[in-house]
Trainee: 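Quick one: structure below, then a few questions.
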Protein chains: 4
Amino acid sequence: MNRDKPKYKQIVDAAVIAIAENGYHQAQVSKIAKQAGVADGTIYLYFKNKEDILISVFQEKMGVFVENLTEIIQKGKTPIEKLSNMIDNHFQVLANDHHLATVTQLELRQSNKDIRMKINMILKEYLRLLDEILIEGMTKGDFDPTMDVRVARQMVFGTIDENITTWVMNEFRYDLLESAPKVKKLLINGLKG
Amino acid sequence: MNRDKPKYKQIVDAAVIAIAENGYHQAQVSKIAKQAGVADGTIYLYFKNKEDILISVFQEKMGVFVENLTEIIQKGKTPIEKLSNMIDNHFQVLANDHHLATVTQLELRQSNKDIRMKINMILKEYLRLLDEILIEGMTKGDFDPTMDVRVARQMVFGTIDENITTWVMNEFRYDLLESAPKVKKLLINGLKG
Amino acid sequence: MNRDKPKYKQIVDAAVIAIAENGYHQAQVSKIAKQAGVADGTIYLYFKNKEDILISVFQEKMGVFVENLTEIIQKGKTPIEKLSNMIDNHFQVLANDHHLATVTQLELRQSNKDIRMKINMILKEYLRLLDEILIEGMTKGDFDPTMDVRVARQMVFGTIDENITTWVMNEFRYDLLESAPKVKKLLINGLKG
Amino acid sequence: MNRDKPKYKQIVDAAVIAIAENGYHQAQVSKIAKQAGVADGTIYLYFKNKEDILISVFQEKMGVFVENLTEIIQKGKTPIEKLSNMIDNHFQVLANDHHLATVTQLELRQSNKDIRMKINMILKEYLRLLDEILIEGMTKGDFDPTMDVRVARQMVFGTIDENITTWVMNEFRYDLLESAPKVKKLLINGLKG
DNA sequence: GATGAATGAGCGTTCATTCAT
DNA sequence: TATGAATGAACGCTCATTCAT
């Protein structure tokens with residue numbers, strides 16, 4: 001079950017494609033295996049079970065968001081700049097990968113409570129970094145120092161998420177990136193207090 | 001398939017409980033029937049199939065939100081008051097019915113694309129009413145007249161939704177209603193521009 | 001369960017239509033009831049169960065064949081004339097009632113062994129009359145006196161039956177009655193020995 | 001879905017037994033699987049669905065009739081000899097396999113129209129070969145050159161079929177093979193004209 | 001007699017997982 | 001490691017029959 005071997009990533013990527021193209025419930029293990037070019041049984045040399053594939057998909061892909069956000073925080077000067085770059089990054093990554101957007105915004109949410117609980121655990125790290133930005137902003141006076149961080153974080157993440165989900169549901173018919181400045185303006189106004 | 005007979009509502013309510021307690025995929029028709037105190041076959045006198053039960057659950061329950069919001073819009077004086085009351089209503093209805101909250105925020109989202117598309121159609125009416133409030137606010141000067149209504153609506157709904165979902169995922173461990181004033185403050189600040 | 005009341009015949013006739021138009025397996029009791037213009041439950045005031053309806057259909061309709069054949073035997077002069085008239089009658093009755101032909105030749109044969117055993121019991125009387133004609137022919141020298149009556153009867157009935165079934169399966173696309181003289185010629189040649 | 005693997009024939013044979021012993025409607029897939037000594041799911045590696053099993057049963061078994069008849073036609077000298085051998089073969093194959101006789105004469109006829117249409121397509125080849133014999137006989141003067149081939153074919157097949165069906169319905173209580181010479185004599189007389 | 005709402009047993013099929021090769 | 005044939009548990013839906021009115 002070595003997660004560094006090339007076949008591991010090969011299967012994770014195949015899962016994204018299989019789920020995006022067939023839908024969550026139609027992405028049987030055999031389809032993922034076929035897409036990955038391996039036998040059904042081979043999947044089980046790298047993953048404990050199907051649930052493990054799905055969680056790994058999220059983990060691997062979410063990793064990119066966390067890495068990018070870590071860098072954004074390091075390089076950014078002001079909290080507002082950091083928040084702005086975070087939103088841009090979030091929108092850009094998904095705007096550039098429709099398969100991934102479909103999987104994270106629609107398909108993976110059809111998984112059962114257990115899986116989504118685990119997915120939420122993975123998301124935690126990303127939200128922790130967001131909290132960091134918000135707290136810095138409150139301390140430095142860029143954001144309302146009296147606001148509730150949890151609620152503020154939920155506003156930021158909920159707004160971004162809803163935006164992207166709507167775009168996916170509309171089958172990418174408009175340019176997601178055009179919404180970014182509007183989202184930023186509204187959110188920053190909200191946070192300024 | 002008469003939707004006015006008492007058994008119709010009886011089954012819809014039973015479905016909410018069965019789904020909340022067992023999870024979407026474990027809420028077999030037989031469990032819903034048992035919960036409703038009717039025979040399995042009786043379900044099919046009132047619903048075309050299982051999918052129809054789920055859509056009806058959403059329809060019936062969402063109906064309350066739409067009715068309440070309609071009244072709120074009629075009675076409210078200012079757009080801000082209307083928005084405020086809408087948020088209060090949304091939080092209160094779900095804070096008072098944990099089963100319903102579980103079903104709408106977690107379980108029903110596991111349904112397949114078809115069902116979710118239909119659920120979205122039902123949601124549309126609610127979002128249209130929200131748009132009404134926002135546009136009135138833009139016209140009257142309460143909200144930023146230059147903002148994008150769609151993005152603003154996504155912020156309001158996304159923030160509310162994310163808040164409630166987090167609360168459900170945390171298994172109702174804190175008081176949802178305490179978040180309402182904070183959510184309102186943040187959102188209204190954001191919309192004011 | 002009075003079989004003389006008008007509703008009894010009404011339901012039998014409705015069954016023929018319902019079965020002919022929907023097929024044996026799609027002719028649910030509720031469809032037969034609807035076709036007859038009575039409630040589902042009413043069926044059970046006249047018939048023990050669904051099987052009883054089907055057997056009654058055959059019984060009532062077969063009755064016509066037996067009555068006609070009895071008269072043919074009484075009025076006929078020679079065994080060959082009687083056989084000839086029997087074949088004509090058999091073809092004519094079904095050529096005039098496509099619904100009935102469909103039901104007896106195709107649909108009713110989809111019933112289970114039990115029902116078909118009972119149908120065969122009803123058929124017995126008709127075959128007994130046919131035997132009478134054959135035996136008279138053997139005695140009078142019109143037919144081969146050394147032939148096996150059972151086998152001869154099976155030839156006559158099997159040939160008639162196969163002819164009509166093929167015609168039904170070809171959806172009545174040709175004129176069944178044109179085959180009658182040919183069938184008669186072949187059979188009588190066979191029987192003459 | 002490889003039809004050459006041993007398990008394919010294994011399941012077809014099991015289906016004949018399961019249907020003969022339980023009746024068409026009581027021969028559930030699970031019973032066929034059990035009889036074949038495989039898991040339920042294995043059935044679906046070799047057959048598209050239950051209907052496909054039934055059609056395959058007929059196809060495989062009818063194949064024997066067609067093969068035998070082809071050989072009979074090749075080896076036979078006169079049309080009468082060929083017809084005679086065909087009847088013998090038809091009777092012998094079924095006299096030697098009561099299960100198969102039950103299935104072809106009684107149980108398979110309970111299938112729905114679709115299946116029976118497909119079964120009829122398979123039967124067509126057998127009837128075509130019979131037609132060949134009849135036409136040769138008409139040409140060579142063994143059979144009445146003025147007879148209608150279709151009607152003649154229906155007499156031959158109908159007589160054979162009715163004979164065997166009666167024997168099955170009488171639960172094999174008499175020796176089917178004793179009827180063969182009688183059937184042949186009657187039919188050949190009929191065809192001679 | 002007549003109704004029709006309610007009943008509940010019964011089954012074909014899918015698919016994640018295993019394991020002999 | 002890798003394979004893929006085989007497994008078998010699990011469930012939505014139909015429809016003949018009943019029975020309170």
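Below, chains carry the letters A, B, ... as their sequence lines are ordered, and counting in each starts from 1. Note that the structure is predicted; figures quoted are calculated from it, not measured.
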Trainee: Identify every side-chain donor-acceptor pair in residues 26-39 of chain B under 3.5 Å, counting partners at least two apart or on other chains, and give the distances.
Mentor:
residue: B:Q26; atom: OE1; partner: B:Q28; partner atom: NE2; Å: 3.4
residue: B:Q28; atom: OE1; partner: B:K31; partner atom: NZ; Å: 3.3
residue: B:K31; atom: NZ; partner: B:Q26; partner atom: O; Å: 3.0

Trainee: Dot-bracket for DNA chain E, 5' to 3', with Watson-Crick and G-U pairs under 3.5 Å, [ ] for crossing pairs and | for other-strand pairs: what is it?
Mentor: .||||||||||||||||||||
Trainee: Can you sort out the partners of C:D161 under salt bridge (charged side-chain N to carboxylate O under 4.0 Å, His left out), two or more places apart, ordered by chain and number?
Mentor: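 Salt bridge (charged side-chain N to carboxylate O under 4.0 Å, His left out) check on C:D161 returns C:R109.
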Trainee: Which residues pass the ring-ring contact (aromatic ring centres under 6.0 Å, His included) test with D:H98, not counting sequence neighbours?
Mentor: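 Testing D:H98 for ring-ring contact (aromatic ring centres under 6.0 Å, His included), a comparison that skips the adjacent residues, returns D:W167, D:F172.
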Trainee: What pairs of residues pass the ring-ring contact (aromatic ring centres under 6.0 Å, His included) test when at least one of them lies in residues 104-123 of chain A, not counting sequence neighbours?
Mentor: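 Sorted result for residues 104-123 of chain A: empty, none.
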Trainee: I'd like to check the salt bridge (charged side-chain N to carboxylate O under 4.0 Å, His left out) partners of C:K5; sequence neighbours left out, ordered by chain and number.
Mentor: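 With neighbours one apart ignored, the set is empty.
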Trainee: Using salt bridge (charged side-chain N to carboxylate O under 4.0 Å, His left out) as the criterion, list what pairs up with C:E21, not counting sequence neighbours.
Mentor: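 Per chain and number, C:E21 pairs via salt bridge (charged side-chain N to carboxylate O under 4.0 Å, His left out) with no residue.
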Trainee: How would you list, by chain and number, every residue that makes a ring-ring contact (aromatic ring centres under 6.0 Å, His included) with C:Y24, sequence neighbours excluded?
Mentor: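 Once residues adjacent in sequence are excluded, C:Y24 has no partner under the ring-ring contact (aromatic ring centres under 6.0 Å, His included) criterion.
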Trainee: Could you go over nucleotides 17-19 of chain F and give all protein N or O partners under 3.5 Å, atom names and distances?
Mentor:
residue: F:dT17; atom: OP2; partner: C:Y44; partner atom: OH; Å: 2.9
residue: F:dT17; atom: OP2; partner: C:K50; partner atom: N; Å: 2.9

Trainee: Tell me which residues in residues 9-28 of chain D lie within less than 4.0 Å of DNA chain E, going by non-hydrogen atoms.
Mentor: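 Going residue by residue through residues 9-28 of chain D, the ones with a heavy atom under 4.0 Å of DNA chain E turn out to be D:Q26, D:Q28.
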Trainee: Between F:dT1 and A:K5, is there an OP1 or OP2 to side-chain N/O distance shorter than 4.0 Å?
Mentor: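 The answer is yes; a side-chain N or O of A:K5 sits under 4.0 Å from OP1 or OP2.
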Trainee: Just to verify, what does C:F58 make a ring-ring contact (aromatic ring centres under 6.0 Å, His included) with, not counting sequence neighbours?
Mentor: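 ring-ring contact (aromatic ring centres under 6.0 Å, His included) list for C:F58, sorted by chain: empty.
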Trainee: Does OP1 or OP2 of F:dA5 have a side-chain N or O of D:K7 closer than 4.0 Å?
Mentor: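 For F:dA5, OP1/OP2 do not have a side-chain N/O of D:K7 under 4.0 Å.
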Trainee: Could you list the residues that satisfy salt bridge (charged side-chain N to carboxylate O under 4.0 Å, His left out) with C:K61, not counting sequence neighbours?
Mentor: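 Once residues adjacent in sequence are excluded, the partners of C:K61 under the salt bridge (charged side-chain N to carboxylate O under 4.0 Å, His left out) criterion are C:D13.
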